[in-house]
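What follows is a set of notes on a single structure, which appears directly below.
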Amino acid sequence: MADNFRLGVLLGDGIGPEIVPAAVQVLDSALGAVGAPAVEWVPLPVGAAAIDTHGSALPEVTVETLDKLDGWLLGPHDSASYPAEHRAQLNPSGFLRKHFDLFANIRPAKAFDGTPALLPGLDLVVVRENTEGFYADRSTYRGTGEFMPTADVAIAMGIFTRPAIERIARQAFELAVQRRKRLTIVHKANVLRTTTGFFLEICREIAAEYPDVAVDDFHIDAMTVHLVRHGADFDVLVTENMFGDILSDLTGELAGSLGIAPSINASHERAMAQAAHGSAPDIAGRGLANPTAMISSGAMLLDWLGNQPAAELIDRGLRAAVAGGVRTADLGGTAGTAEFTAAVVESINGLA
């Protein structure tokens with residue numbers, strides 16, 4: 001890692017101002033424990049608070065500053081609650097993914113021992129193509145791929161291109177090589193033959209470059225059933241944008257809770273850590289939120305930036321805290337955000 005590491009801090013909405021500082025605290029503890037240089041954290045406005053102060057949910061100053069940073073933590077946003085003129089624009093997360101070409105959305109799902117996981121042995125990663133597919137807000141150069149030619153007709157475009165599919169396939173295969181050497185392509189080529197059939201075809205072409213990886217494929221609808229029945233048998237799943245979004249919510253819940261579901265959004269140049277869950281406005285400000293997903297997302301960012309020891313220490317600290325009985329309500333416990341974060345920091349210090 002660089003000596004002068006600079007990472008952005010974007011709190012977001014809802015529980016964001018509670019879980020993002022928790023992640024910063026844990027990352028600082030882990031970096032200190034492994035003797036790594038301290039991070040320079042750069043707070044930046046985003047979300048509803050930024051609308052109040054800057055007139056935009058994602059001010060220009062934020063985007064311009066992020067361009068100069070190595071990565072950042074993005075808290076969840078509640079764009080559905082923004083004023084109408086702001087809801088009509090790309091939400092902060094979608095804009096940043098598109099603007100910085102963060103093409104790989106990596107979403108692990110791994111159960112914690114002793115928690116009420118629906119699939120206790122689950123340990124897989126969903127690799128989601130993040131820039132096109134059936135997400136209309138990311139499938140065009142300008143504007144979105146949704147439009148209404150008449151008042152009674154609404155159309156959404158799904159875009160699939162060879163370069164985007166090749167790079168996400170290689171990202172997934174590289175990850176599979178590091179894990180259990182099994183990769184599953186998820187598609188709907190029996191019906192969407194031209195688009196997801198193209199995705200399947202190109203992923204199979206890339207598979208030839210990785211002869212040591214066992215490859216299979218399933219239709220998206222069948223995949224949901226296989227995950228529920230025997231999700232622990234899967235390792236790396238690669239799929240298009242919307243399918244990946246849906247599957248990662250499912251796998252997060254199967255692992256125990258969306259509160260433990262992390263992710264990073266990465267290009268070859270920079271990465272954004274972002275929990276897979278939403279802003280949970282119903283519990284915002286009450287100190288009840290599970291910060292695990294945000295903390296784990298931060299650990300993934302450290303790993304992407306080259307500090308695997310700190311990332312592994314964070315994972316061990318999280319699991320030690322949970323195994324020691326300190327759990328938030330979604331994991332069957334009574335700990336609040338601050339208590340859980342303190343327990344993780346204590347575990348990290350004890351393990352270092």
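If you're wondering where the values come from, they're calculated on a predicted model, not measured in any experiment.
For the pairing with Trp72, the ring-ring contact (aromatic ring centres under 6.0 Å, His included) check across Phe5, Phe100, Trp41 returns one residue only, Phe100. Looking at Val24, Val26, Leu73 one by one, the single match for side chain to side chain contact (heavy atoms under 4.5 Å, CB included) with Ile295 turns out to be Val26.
Between the side chain of Thr62 and the main chain of Leu58, no donor-acceptor pair closer than 3.5 Å is present. Side chain of Thr337 to main chain of Ala289: a donor-acceptor pair is present (N/O by atom type, distance under 3.5 Å, no hydrogens or angles). Checking side-chain atoms of Arg128 against main-chain N and O of Asn105 turns up no donor-acceptor pair under 3.5 Å. Looking only at distances, a side-chain donor or acceptor of Ser263 sits under 3.5 Å from a matching main-chain atom of Gln274. Counting only distance, with no hydrogens or angles, the side chain of Arg97 and the backbone of Asn265 share no donor-acceptor pair below 3.5 Å. Side-chain atoms of His54 never come within 3.5 Å of backbone atoms of Ser56 as a donor-acceptor pair (strictly under, hydrogens ignored). Using modelled atom types, no side-chain atom of Arg167 and backbone atom of Arg162 make a donor-acceptor pair closer than 3.5 Å.
What you find for Gly158 and Thr195 is that their closest heavy atoms are O-CG2, 4.3 Å. Nearest heavy-atom pair, Pro59 versus Pro45, reported as atom, atom and distance to 0.1 Å: CD-O, 3.5 Å. Minimum interatomic distance between Ala311 and Asp303 (heavy atoms only, all atoms of both residues): CB-CB, 3.7 Å. Closest approach of Val326 and Ala335 over heavy atoms only: CG1-CB, 3.8 Å. Residues Ala261 and Ala293 share a closest heavy-atom pair of O-CB, 3.2 Å. Here the shortest heavy-atom pairing between Ala176 and Val213 reads CB-CG1, 4.1 Å.
Residues Ile159 and Leu192 do not share a hydrophobic cluster, clusters being chains of Ile/Leu/Val/Met/Phe/Trp/Tyr side chains in contact below 4.5 Å. There is a path of hydrophobic side-chain contacts, each under 4.5 Å, that joins Val238 to Leu175. The hydrophobic clustering, which links ILVMFWY residues whose side-chain heavy atoms are closer than 4.5 Å, places Val126 and Leu102 apart. Tyr135 and Met272 fall into different hydrophobic clusters, defined by Ile, Leu, Val, Met, Phe, Trp and Tyr side-chain heavy atoms under 4.5 Å apart, directly or through other members. Residues Leu183 and Tyr210 share a single hydrophobic cluster, defined by chaining ILVMFWY side chains whose heavy atoms lie under 4.5 Å apart.
Cation-pi geometry between Arg180 and Phe234 is not met at under 6.0 angstrom from the ring centre and within 45 degrees of the axis.
In summary, the side chains of Asp152 and Thr150 do not present any donor paired with an acceptor at a separation below 3.5 Å, with no hydrogens or angles considered. At a cut-off of 3.5 Å, with distance as the only test, no side-chain donor of Thr196 or Glu240 sits close to an acceptor on the other residue.
For Glu85, the CD atom sits in a packed shell: over 12 heavy atoms of surrounding residues, nucleotides or ligands are nearer than 6.0 Å.
Side chains of His77 and Val46 form no contact here, defined as non-hydrogen atoms less than 4.5 Å apart. Proximity of Asn241 to Thr131: side-chain heavy atoms (C-beta onward) are nowhere separated by under 4.5 Å. A heavy-atom distance below 4.5 Å is found between the side chains of Lys188 and Phe243. Contact check for Leu118 versus Val228: no side-chain heavy atoms found under the 4.5 Å cut-off. Counting heavy atoms from C-beta outward, Phe95 and Val63 have side chains that approach closer than 4.5 Å. In this structure, Asp113 and Arg319 have side chains that are not in contact, with every pair of non-hydrogen atoms separated by 4.5 Å or more. Side-chain contact between Arg179 and Val236 is present, with heavy atoms from C-beta onward closer than 4.5 Å. A heavy-atom distance below 4.5 Å is found between the side chains of Leu124 and Leu227.
Expressed to the nearest 0.5 Å, how far CZ of Phe103 lies from CG of Asn130 amounts to 9.5 Å. Taken from NE2 in His219 to CG in Asp217, the straight-line distance is 7.0 Å, to the nearest 0.5 Å. Of the inter-residue distances, the one linking Asp235 atom CG with Asp123 atom CG reads 7.5 Å to the nearest 0.5 angstrom. Interatomic distance, His277 NE2 to Asn290 CG, rounded to the nearest 0.5 Å: 7.0 Å. Rounded to the nearest 0.5 angstrom, Ile206 CD1 and Glu166 CD are separated by 4.5 Å. Residue Thr65 holds its OG1 atom at 11.0 Å from CD of Glu60, rounded to the nearest 0.5 Å.
Listed by chain and residue number, nothing satisfies the side-chain hydrogen bond (donor to acceptor under 3.5 Å, both in side chains) test with Glu146 (two or more places apart in sequence, or in another chain). By the side-chain hydrogen bond (donor to acceptor under 3.5 Å, both in side chains) test, Asp13 is found to be paired with Tyr82, residues two or more places apart in sequence or in another chain being considered.
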- [ ] Take Glu132 and Thr161 through the side-chain hydrogen bond (donor to acceptor under 3.5 Å, both in side chains) test and state the conclusion after the steps.
- [x] CA-CA 8 Å; Glu132 51 182 39; Thr161 66; 3.0 Å; yes
- [ ] Show the numbers, then the answer: is there a side-chain contact (heavy atoms from CB on, under 4.5 Å) between Met223 and Leu247?
- [x] CA-CA 9 Å; Met223 191 71 231; Leu247 285 181; 4.2 Å; yes
Open item on the list: Working note: Arg6 + Val39, criterion side-chain contact (heavy atoms from CB on, under 4.5 Å); need CA distance, chi angles, decisive distance, verdict.
Closed with: CA-CA 6 Å; Arg6 302 178 72 229; Val39 164; over 6 Å; no
Task: Derivation and outcome, side-chain contact (heavy atoms from CB on, under 4.5 Å), residues Leu27 and Leu302 - done: CA-CA 8 Å; Leu27 265 62; Leu302 293 185; 3.8 Å; yes
- [ ] Check the pair Asn91 / Ser93 against side-chain hydrogen bond (donor to acceptor under 3.5 Å, both in side chains), numbers first and verdict last.
- [x] CA-CA 6 Å; Asn91 65 50; Ser93 173; 4.5 Å; no
Task: Derivation of the side-chain contact (heavy atoms from CB on, under 4.5 Å) call for Val177 and Asp212 - done: CA-CA 8 Å; Val177 167; Asp212 295 334; over 6 Å; no
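Relative orientation of the His226 and Phe218 rings is tilted, given thresholds of 30° and 60° on the angle between their planes.
One finds a salt bridge joining Arg170 and Glu209 here, because a Lys/Arg side-chain nitrogen approaches an Asp/Glu carboxylate oxygen to under 4.0 Å. Checked for salt-bridge contact, Asp216 and Arg182 meet the test: a charged N lies under 4.0 Å from a carboxylate O.
The side chain to side chain donor-acceptor pair (under 3.5 Å) analysis of residues 340-352, with sequence neighbours excluded, yields no pairs.
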